[in-house]
Amino acid sequence: MSRLLVKPKVQAGLMQEITPESAGWTYVGFALHRLRPGETAGGEAGEKELCLVLVSGKAKISVGGEDFGELGERMTPFEGRPYAVYVPKGSSWQAEAATDLDLAVCSAPGGEGFKAKVIRPGTHPQMTRGKGTNTRYVTNIMPEDDGSAQSLLVVEVITPGGHTSSYPPHKHDEDNLPAESYLEETYYHRLNPPQGFAMQRVYTDDRSLDETMAVEDGDVTLVPKGYHPVAAIHGYDSYYLNVMAGPKRIWKFHNAREHEWLFTGV
Ligand SMILES: O=C[C@H](O)[C@@H](O)[C@H](O)CC(=O)O
């Protein structure tokens, strides 16, 4: 199995835990908690900043002793809109599931002067990106222009079955602004219905990295560098939650030259 593909080792509780150490990189972390009503999760941000994303279900959430009450709207990532909570560096957080809950904990190095906050549905409206079978639906949760974090970028994408996304292929693996930014990235994948699969390729121009993965419900893929397109197969819609971070909080990508012609049609 590809070293870039991380399968959940358990079916409840802490299902995924990617750290910079386990991924072999510097900035991005990702965890996924699956909780039953009444179960709790929590921790300390320490030197990191966090974005708690209610992938599905509702939870009571507090940050640094501030009670944000019961949050959440959707029972599946394929319907409704995301609630999220930003946890700044140095803060503790606590979540208690009010329903079945899938809670993502996205992390990256924190900074000074940022405040805990709820990111409500509609803060960043869903966008339709692409044309034809490259149409997908993108919702920013923490985009670069929100001014509210040190390094975290968080976005979720729904790709209908038979469509592609993160496509035409692009990369962001060189700290070379204004042409390109360096951002590590995780993909947390879900499928509807859940027995499906999707395909993701991660590859560089020189093909020294070239891995194509069949991703299943609950898998995480790691993108340390290179292009990273996704193809959702007929009958199975794809959802993924992206976490990106690097030395600068800017998403500036470089498109694969040989596929740039597609932009005239997609
Ligand atoms: O680099 C970002 C990620 O590849 C996705 O968020 C991607 O941009 C989503 C898309 O446009 O399909």
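Bear in mind the structure is a predicted one, so any value in this text is a computation, not a measurement. When a ligand or atom number is given, it counts from 1 through the structure's own listing order.
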Can you see whether [X] engages [Y] through a side-chain donor-acceptor pair at a distance of less than 3.5 angstrom?
| X | Y | result |
| --- | --- | --- |
| His228 | Glu185 | yes |
| Ser62 | Asp67 | no |
| Tyr86 | Glu49 | yes |

Assess whether a salt bridge exists between Asp210 and Arg201, defined as any Lys/Arg side-chain N lying under 4.0 Å from an Asp/Glu carboxylate O. yes

Looking at Glu156 and Arg74, is there a salt bridge between them, counting it only when a charged N and a carboxylate O are closer than 4.0 Å? yes

Under 4.0 Å from a heavy atom of [X]: give me the atoms of ligand 1 that qualify, with their elements.
| X | answer |
| --- | --- |
| Trp251 | 1 (O), 2 (C), 8 (O) |
| Tyr187 | 3 (C), 4 (O), 5 (C) |
| Val157 | 9 (C) |
| Met244 | 1 (O), 2 (C) |
| Tyr240 | 9 (C), 12 (O) |
| Val155 | 6 (O) |
| His172 | 1 (O) |
| Arg136 | 10 (C), 11 (O), 12 (O) |

Which residue owns the protein heavy atom closest to [atom], what's the atom, and how far is it?
| atom | result |
| --- | --- |
| atom 11 (O) of ligand 1 | Arg129 NH1, 2.7 Å |
| atom 7 (C) of ligand 1 | Ser166 OG, 3.4 Å |
| atom 2 (C) of ligand 1 | Glu185 OE2, 3.3 Å |
| atom 5 (C) of ligand 1 | Asn242 OD1, 3.1 Å |

Among Asp102, Asp237, Thr76, Asp219, which residue satisfies the side chain to side chain donor-acceptor pair (under 3.5 Å) criterion with Arg190? Asp102

For a side chain to side chain contact (heavy atoms under 4.5 Å, CB included) with Asn242, tell me which candidate from Val138, Val157, Val154 qualifies. Val157

Just to verify, what does Lys89 make a salt bridge (Lys or Arg N to Asp or Glu O under 4.0 Å) with, not counting sequence neighbours? Glu47, Glu112

Quick one: list whatever passes side-chain hydrogen bond (donor to acceptor under 3.5 Å, both in side chains) with Thr139, sequence neighbours left out. none

Between Ser165 and ligand 1, is there a nitrogen or oxygen pair with a distance under 3.5 Å? no

Answer side chain, backbone, both or neither: which part of Tyr227 comes under 4.0 Å from ligand 1, heavy atoms only. neither

